[in-house]
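See below for the structure under consideration.
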2 protein chains.
Amino acid sequence: MLLSKSCEYAIRASIYIAAKTAVKKRADIREIADAIGSPISFTAKVLQKLSCKQLISSVRGPNGGYYIKDPLAVYLVDIVRAIDGNDLFSACAMGLQTCSDTKPCPMHHDIKPLRAQLLTEFSKASVGETSADYWLEKYFLK
Amino acid sequence: MLLSKSCEYAIRASIYIAAKTAVKKRADIREIADAIGSPISFTAKVLQKLSCKQLISSVRGPNGGYYIKDPLAVYLVDIVRAIDGNDLFSACAMGLQTCSDTKPCPMHHDIKPLRAQLLTEFSKASVGETSADYWLEKYFLK
DNA sequence: ATAATAACGGATAATTTTGTCTTAAATTAA
DNA sequence: TTAATTTAAGACAAAATTATCCGTTATTAT
């Protein structure tokens, strides 16, 4: 597993929220959990974290829900870092605390470029861009 | 995290065992846990699994311990699959059960080649080859 | 104002992962 | 044969992750 379940939900939810934002609507937690096939209460907790870290926004009350202020300014890597931290892009594959260029694990030199590619992958598109084709069903969130 | 802690221990232990095997010695569990900086009892459990799956061998009693019958025939990917399964190389990055070429998640097409690279990385060297330079301290296991 | 709605926050529970301990079984050396 | 050593196996415990529930707070519509 590259990402924790929390983080998987966070990414899928963010993309869905961005897709709703793109059509000028907010998404409430039931709708989101339904759209991405996730447990509703747990997803709410995850979104709370994203909200605290200002990656998404929310409005309470009737017609409230979640939205994203600037979907082009939030990148998938931001979501990952907010939930799982930076480990995916920096931690040693074999779990060494001290792994580095000068004191490497056996896989260090080979894994390093792969981590960089992962970072690139999660950095190259904003949630706004990523969500662009959602309504055309070019990809799926559940 | 790419791998579970169990799997990280398993890989490091296997490489150490291979390094001992290369000098015609067996490694007992205390020595292994010490060499790789892992909790001894937990590591024993992990090695039990590898032993069950015939990736490593063991002998009980005085001067017993673990060794690897053919270090050139066991690949890191075998260790990973034995402990964590094949998910790292096949599961959807966003956690979709049904993710595939025809029903992809938003990242599917971009992540697919990365998974393939990961598989290549874990498949390209046996534990024997990987452990070759251990005694020269060209890399470290803790 | 009031009632309905929806996020927030905290407590709690279930599950999985990680880690420990103890006894049994096997092997070796003396 | 006996005692020492080392893995095997199982039960148990702790910690982290995942998941649920409920009362509170903010907001909106009526």
Please state how far atom [atom1] in [X] lies from atom [atom2] in [N], giving the value in whole angstrom units.
X: B/R30; N: D/dA4; atom1: CZ; atom2: P; answer: 15 Å
X: B/E31; N: D/dT7; atom1: CD; atom2: C1'; answer: 15 Å
X: B/I29; N: C/dG19; atom1: CD1; atom2: P; answer: 13 Å
X: B/E8; N: C/dT17; atom1: CD; atom2: C1'; answer: 13 Å
X: A/Y66; N: C/dT5; atom1: OH; atom2: C1'; answer: 13 Å
X: B/D28; N: D/dT6; atom1: CG; atom2: P; answer: 5 Å
X: B/D84; N: C/dT16; atom1: CG; atom2: C1'; answer: 13 Å
X: B/L47; N: D/dA8; atom1: CG; atom2: P; answer: 8 Å

Please name the pair of heavy atoms, one in B/I79 and one in B/C7, separated by the smallest distance, quoted to 0.1 Å.
-> O-SG, 4.4 Å
Closest approach of A/I83 to A/S6 (non-hydrogen atoms, all atoms of both residues) | CG2-CB, 3.8 Å
Just to confirm, is there a sub-4.0 Å distance from OP1 or OP2 of C/dA6 to any side-chain nitrogen or oxygen of A/S58?
-> no
Aromatic ring proximity B/Y75/B/F122, centre distance under 6.0 Å = no
Mapping A/G61 and A/S51 to their closest nucleotides on DNA chain C, which lands nearer the 5' end?
-> A/G61
With no angle test and no hydrogens, is the base of D/dA9 tied to the side chain of B/Q48 by a donor-acceptor pair under 3.5 Å?
-> yes
Hey, is B/D101 close enough to B/K112 for a salt bridge, meaning N to O under 4.0 Å?
-> yes
Inspect the contact between A/E31 and A/K20 and indicate whether a charged nitrogen and a carboxylate oxygen are less than 4.0 angstrom apart.
-> yes
Side chain to side chain, A/S14 and A/V74, heavy atoms closer than 4.5 Å = no
For nucleotides 16-20 of chain D, list the nitrogen or oxygen atoms of the protein found under 3.5 Å from its nitrogen or oxygen atoms, one pair per line.
| residue | atom | partner | partner atom | Å |
| --- | --- | --- | --- | --- |
| D/dT18 | OP1 | A/K5 | N | 3.0 |
| D/dT18 | OP2 | A/S6 | OG | 3.2 |
| D/dA19 | OP2 | A/Y9 | OH | 3.0 |

With distance as the sole test, does B/S51 use its side chain to make a donor-acceptor pair with the main-chain N or O of B/L47 at under 3.5 Å?
-> no
Which nucleotide in the set D/dT28, C/dA29, C/dA7 lies at the smallest distance from any side-chain heavy atom of B/N63?
-> C/dA29
